[in-house]
Amino acid sequence: MLWSDPDDEPPKDLREAQDMLRRLGLFMAVAMILTMLVIGLR
């Protein structure tokens, strides 16, 4: 890596969007599991 290379770190807004998508994916996974449990119990 040269001193002139740009940083590998993405910009702040991109990192925030990635965090939001990760949280949304986790929420969707939990919601799907709960839905399967409710359907299975009926």
Side-chain angles (χ1 to χ4, degrees):
M1 183 179 208
L2 299 174
W3 62 271
S4 60
D5 287 347
D7 291 336
D8 286 338
E9 193 163 315
K12 187 174 188 292
D13 53 348
L14 181 61
R15 272 181 284 150
E16 288 175 357
Q18 286 173 339
D19 287 343
M20 190 177 69
L21 285 173
R22 196 172 298 122
R23 278 189 225 111
L24 183 63
L26 185 64
F27 172 75
M28 289 296 289
V30 171
M32 287 297 287
I33 292 170
L34 287 174
T35 303
M36 292 294 193
L37 284 173
V38 168
I39 291 173
L41 290 175
R42 283 188 180 175

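Just so you know, residue 1 is the first one in the sequence shown, and it goes up from there.
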Asker: CE/Met32 to CE/Met36 distance, rounded to the nearest 0.5 angstrom?
Answerer: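 Between atom CE of Met32 and atom CE of Met36 there are 4.5 Å.
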Asker: If you measure from CD on Gln18 to CG on Asp13, what distance do you get to the nearest 0.5 Å?
Answerer: 10.0 Å
Asker: In Å, rounded to the nearest 0.5 Å, how long is the span from CG of Asp19 to CG of Leu14?
Answerer: 9.5 Å
